[in-house]
Colleague: 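The structure follows.
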Amino acid sequence: MASVSQSPVNISGSLSSATSAADLLRSSINGVNGVPLQTLGKGHVGSRQKGLNIVAKVRKVKKHEYPWPQDPDPNVKGGVLSHLSPFKPLKEKPKPVTLEFEKPLMDLQKKIIDVQKMANETGLDFSDQIISLENKYQQALKDLYTHLTPIQRVNIARHPNRPTFLDHVFNITDKFVELHGDRAGYDDPAVVTGIGTIDGRRFMFMGHQKGRNTKENIQRNFGMPTPHGYRKALRMMYYADHHGFPIVTFIDTPGAFADLKSEELGQGEAIAHNLRTMFGLKVPIVSIVMGEGGSGGALAIGCANKLLMLENAVFYVASPEACAAILWKTAKASPKAAEKLKITANELCKLQIADGIIPEPLGGAHADPHWTSEQIKKAILESMDELQTMGTEELLRHRMLKFRKIGGFQEGLPVEPEKKVNMKRKEEPRPGLISDKVLQGEVNKLKEQIMKAKESSSIDMDQNGLIEKLQREINYEFSEAAKALGIEEKLSQMREEFAKAENGQLTSGQIENLERLKNEFNEKLETAPNYGRLKYKLSLLKEITEAKVFAENYKKTLPLKAKVNEKFKEVLEKSTLKQKIENLKAEVEKSGASSIEEFDQDLKEKVLEVREEVESEFVNALESSGVHVTSKIGQSSMSLVKAKVDELNAEINQIIQDVIESTPDLKSKIEMLKLEVVKDKNTPSKESKEKIEALQQQIKEGVADVMSSAAIKEKYEQLQAELAELSGGSDGSLIKEPSYA
């Protein structure tokens, strides 16, 4: 169709000429304004009627090829209808883009290229080296893409060469006709809609369209739709619902376009209208996240019966960079944010937000777009086969339940203290719902607090809350046991009788019935199904009660401990004792001994004398202040006795060793005992145990004569008497029994 343009029109003369102003201002069907219809079709018109001059020019321009070319190619891929779409293959191959984490792979690829180039230049055979490098490359590629981090998947989803919606549509459809406009005067290029067929089955396709280069991205607004795009999609949803076409949506957007104009035109209303409408559509809907699905901009065409995701696609409410900027005040924390947000296909399938994962080739969808499209086609047909067997009501309910089950959570897990800020007070869970693991954890925590408090000499904690909780749990377990054993009804009847008793006094018959029921319950208790839990909770209650008693007693001793320490300092500050201690220190330093065992007999007696004097003064000071001391035994006396015991033990062991060396039969038995112990160290058999016990008995009998030596007996009895005197009746058990193995 030719286009007509005009040159400036010169008007002169009187306005009362034959050509009226209405003629001059009338619009023609060809879009020429201000030119009378009579002038069309003339290359140059010059007219002079009563002083009026009109000049016009017609310029020829190239005819538009839209919507149909003048001579359409009937053999074009996809049929003649594909001419309706202006989307054409790129004339130039897109430049390869290497992501940051892929750089090690590029080093290997560069080595392969260098070796191939060298082989071509020199004519030498480097096929073995090339094959080896290619195998390494494939293995490295596999290792990398099977262990991707969430932020790496985000980067793959945003890859500039990743196939777009129209790339996939033209790969999977036999025919595709793009439909334009929202019937309100706008056509958003960021959302593409159209009807297509897959294996003869008609579908309504709609999706976000990103550009394949900078020019296309600017035209497509980087895949960020305005309200016009969502209203266009809404119109196609109604159209598909009316004609019974199943809907397939493709999601690939950072989010809805958030500029001032979009907000003025009702961006939020357009998204909300789509959400409401999609839940009422009576046709199956399948959504495929092929790149990144950002917030409401993705959800506006994503309320489907099935949500499928490509392996490296992501679906999020806020981008990792935005989340990191909010939580950690820097976008550099985006890897951490991507991990916490759970936005990958695997994580979303675990959370039951996504219904399936469509595999991608190693290297991402851009490594082999046609193979990826085939996987998408297969997933669409499988999902549609399943959904089209459902009736209308079942289909709508299926879509509703898919979204109703999202957001499950688990109760009873401990909350970190920093997360309890501004939280409502937690209600006490009903008895029986608290797990044994949680109860054990609380008991252990309280024990740790008591031990820490003991070290810091201050105990100030409340165990009553935990004890009450355990008592509630135990009462619940007793009730459950009574139900299981069939005694609950008898207990209820007895409670009613007790309630009717006058002044709360029980008759002898009631007391007998109570005792009989109690005995019956105790006899059958071990057969109750919850007996293990009841026993475990009773043991926990015992532990925590003992811990409470210890804490109370220790708390009572704290003032006494402070008083004792104060009195001991007063005793040490006495001038006479202080002088004796200083003199004793000087003698010890002069002797050069480093421990009490190295002191000579005279020095040991002096130390013992000073210590006994200090202890005596200390006990007198305590008793004068009202503190009764039950035993006057001191650590110093015990140390001296222990030193003598160690000397006796060493002497006995030396004598035994001499006897063993001089008795070959005894020595061989000891060696046999050692071999038996080593041989069956992990899992000793019954025969081995019996043999070891027999050898030990024979060895003990062999050295029994040594212990009957008169000198050793005398020393032993003397030490035993000293220890009994100090400990108030001890049996002298500090002396060790000799070991032979």
Side-chain angles (χ1 to χ4, degrees), residues 352 397 400-401 404-416 419-420 423-450 461-553:
Q352 297 184 356
R397 181 171 175 76
M400 181 269 293
L401 290 177
R404 289 286 291 175
K405 72 181 178 183
I406 292 174
F409 57 91
Q410 189 174 356
E411 292 183 342
L413 296 179
V415 182
E416 296 176 14
K419 290 186 179 178
K420 289 186 178 179
M423 289 179 67
K424 289 183 180 179
R425 186 174 182 83
K426 186 178 178 182
E427 295 181 1
E428 196 67 36
R430 288 187 293 109
L433 295 179
I434 305 175
S435 67
D436 294 346
K437 188 176 180 182
V438 172
L439 287 173
Q440 183 66 61
E442 291 186 20
V443 171
N444 292 339
K445 187 177 178 182
L446 186 60
K447 286 181 180 178
E448 289 175 8
Q449 288 177 352
I450 291 173
M461 58 187 66
D462 181 24
Q463 303 89 11
N464 295 328
L466 185 55
I467 290 174
E468 288 174 5
K469 186 186 289 186
L470 280 168
Q471 285 174 340
R472 283 197 301 271
E473 288 290 320
I474 289 166
N475 291 338
Y476 173 79
E477 296 295 346
F478 272 122
S479 300
E480 290 297 309
K483 286 180 186 177
L485 298 174
I487 304 176
E488 188 182 18
E489 291 183 6
K490 294 180 182 178
L491 284 172
S492 300
Q493 291 174 1
M494 195 162 287
R495 285 195 194 101
E496 291 175 3
E497 290 179 10
F498 292 166
K500 293 176 183 177
E502 295 181 2
N503 302 323
Q505 296 293 325
L506 300 179
T507 63
S508 58
Q510 288 175 335
I511 294 172
E512 287 178 8
N513 291 337
L514 180 62
E515 287 295 326
R516 194 182 304 113
L517 186 62
K518 181 181 175 183
N519 294 334
E520 182 185 351
F521 180 73
N522 289 335
E523 287 173 4
K524 294 181 179 180
L525 184 59
E526 292 186 6
T527 62
N530 65 331
Y531 178 69
R533 293 198 304 274
L534 175 61
K535 190 176 179 182
Y536 177 72
K537 289 175 182 178
L538 284 170
S539 67
L540 289 180
L541 181 62
K542 184 180 178 183
E543 283 183 37
I544 198 64
T545 306
E546 289 174 356
K548 181 184 177 182
V549 171
F550 168 78
E552 289 174 352
N553 292 338

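Residue numbers start at 1 and run along the sequence shown. All values below were derived from every heavy atom in this structure, side-chain atoms included, with hydrogens, water molecules and symmetry-related copies excluded.
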Colleague: Which pair of non-hydrogen atoms, one from Gln352 and one from Ile406, has the smallest distance, and what is that distance?
Modeller: O-CG1, 4.2 Å

Colleague: To the closest 0.5 Å, what do you measure between OH (Tyr531) and CG (Leu538)?
Modeller: 8.5 Å

Colleague: Do the side-chain N and O atoms of Arg516 and Asn513 include a donor-acceptor pair separated by under 3.5 angstrom?
Modeller: yes

Colleague: So, taking the atom named CG in Leu401 and the one named CZ in Arg404, what distance separates them when rounded to the nearest 0.5 Å?
Modeller: 8.5 Å

Colleague: How close do Leu525 and Ala481 get, counting heavy atoms only, and between which atoms?
Modeller: CD1-CB, 3.9 Å

Colleague: Can you tell me which residue among Lys483, Glu477, Lys535, Lys537 is in a side chain to side chain contact (heavy atoms under 4.5 Å, CB included) with Asn530?
Modeller: Glu477

Colleague: Within this structure, what is the CG-OG distance for the pair Leu534 and Ser539, rounded to the nearest 0.5 Å?
Modeller: 10.0 Å

Colleague: Has Glu515 got more than 12 heavy atoms of other residues, nucleotides or ligands less than 6.0 Å from its CD?
Modeller: yes

